[in-house]
Amino acid sequence: MLPVNRTLGIVLAVLLVAAAGIAAYARLADVRENYAHGIVLAGVRAAVQLAAVSALIGWVVKHQAALLAFVLLMYAVASRTAGRRVTTNRTWRWAAVPVGAGALPVVAVLVLSGLVPIDGIALIPVAGILIGGGLTATVLGGRRALEELSGRAGEVEAAMAIGLSDRDARMEIARPAASGALIPGLDQTRTVGLVTLPGAFVGMLLGGASPVSAGAVQLFVLIALMAVQAVSVAVVLELVARGRITRPRHGEPPHRRSWAEVVRGRKA
């Protein structure tokens, strides 16, 4: 266990500054964000949010309504974060669908089956892991699909010209790119125990659980995450292919154009 003292604070500050400095030196950025700034902001936000959660968690787990509200808050924040990462226009709201479609049914099954009690602290970390997995898969799948469609708009138009529907033309181009969002989860599962010892496993061991129990819980988490991420990627890909999640054309107001209109050159 890490001691919570001044040394820990200094080390964390040094690591955060180092990460931001390297990102700044390497000019790590995209068209929407400077990642040096993003790293600093993310680190500060994480510290503030964890401090707030640490102060509230003891009360939340004692009240079932507050516990469920906290899970819904996690879902709402994940949906907004995923949506804003995928697109800058009003279609970001659709990101709530793949995040929820992947995570919420799995959480519901765990609660209804009795594997995770609806009262007590277990629900929050389990729901957080699964919702976080849905967030990551939605962001990676959505961004890769939209970027592929943007770079290969001519191929989409050609596919439409030979008779494919808008949805099928975009699906053929975007599917391979969006599917790559599953690679991090697959690699983590394939290498668990050989390359990494994930948090659930280590946390249970530190809490006094047997290695067998810790391994069983970690296996459950990894398989549940793969299910969540597969659903989230499939749903976000479908939404992109159907033009529900789009990106604005360069130089135009974010809410003016859809993918079908961009490809066909029509005004919204």
Side-chain angles (χ1 to χ4, degrees), residues 1-61 70 73-86 88 99 103 121-122 124-140 142-144 147 180-181 183-209 211 214-215 217-218 221-222 225 229:
M1 301 293 287
L2 292 175
V4 182
N5 54 27
R6 181 181 299 178
T7 301
L8 177 61
I10 294 173
V11 170
L12 290 175
V14 169
L15 291 174
L16 184 62
V17 170
I22 292 170
Y25 177 77
R27 299 180 182 178
L28 302 181
D30 59 21
V31 295
R32 292 190 292 171
E33 183 176 5
N34 180 318
Y35 286 108
H37 177 267
I39 287 170
V40 174
L41 182 59
V44 173
R45 282 187 57 175
V48 173
Q49 289 163 191
L50 286 173
V53 169
S54 299
L56 290 174
I57 199 74
W59 176 81
V60 168
V61 298
F70 192 85
L73 175 63
M74 288 193 292
Y75 169 57
V77 172
S79 298
R80 179 177 175 80
T81 302
R84 291 302 191 184
R85 279 291 182 187
V86 172
T88 57
V99 174
I121 199 170
I124 289 179
V126 170
I129 290 171
L130 297 178
I131 293 172
L135 183 160
T136 300
T138 298
V139 170
L140 292 178
R143 285 175 67 102
R144 289 176 177 177
E147 288 165 0
I183 291 175
L186 288 172
D187 287 345
Q188 182 184 27
T189 303
R190 287 168 176 159
T191 61
V192 66
L194 299 176
V195 178
T196 61
L197 294 176
F201 182 82
V202 174
M204 289 195 66
L205 288 180
L206 293 176
V217 170
Q218 185 61 66
V221 169
L222 291 172
L225 270 175
Q229 292 173 346

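This is a predicted model, so every value here is computed, not measured.
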* To do: Considering non-hydrogen atoms only, spot the tightest contact between R85 and R143 and give its length.
  => O-NH1, 2.8 Å
* Structure fact -> Separation between CD1 (I183) and CD (Q188), nearest 0.5 Å, reads 14.0 Å
* Asked: Looking at OG1 of T191 and CG of L186, how far apart are the two atoms once the value is rounded to the nearest 0.5 Å?
  -> 10.5 Å
* **For the student: nearest non-hydrogen atoms of A29 and N34, plus distance** => CB-CA, 3.9 Å
* Asked: Taking atom CG of L222 and atom CZ of R190, what is their separation to the nearest 0.5 Å?
  -> 13.0 Å
* **Rounded distance (nearest 0.5 Å) linking atom CD1 of I57 with atom CD1 of I124** => 3.5 Å
* Should L135 and I131 count as side-chain neighbours, where that means a heavy-atom distance under 4.5 Å? -> no
* Might you point out which heavy atoms bring V99 and A78 nearest each other, and give the distance in Å? => CG1-CB, 4.2 Å
* Asked: How many angstroms lie between CG in L225 and OG1 in T189, if you round to the nearest 0.5 Å?
  -> 7.5 Å
* To do: List the atom of R144, the atom of A181, and the distance in Å for their closest heavy-atom pair.
  => NH1-N, 3.0 Å
* Least distance between heavy atoms, A127 atom then M74 atom -> CB-CE, 4.0 Å
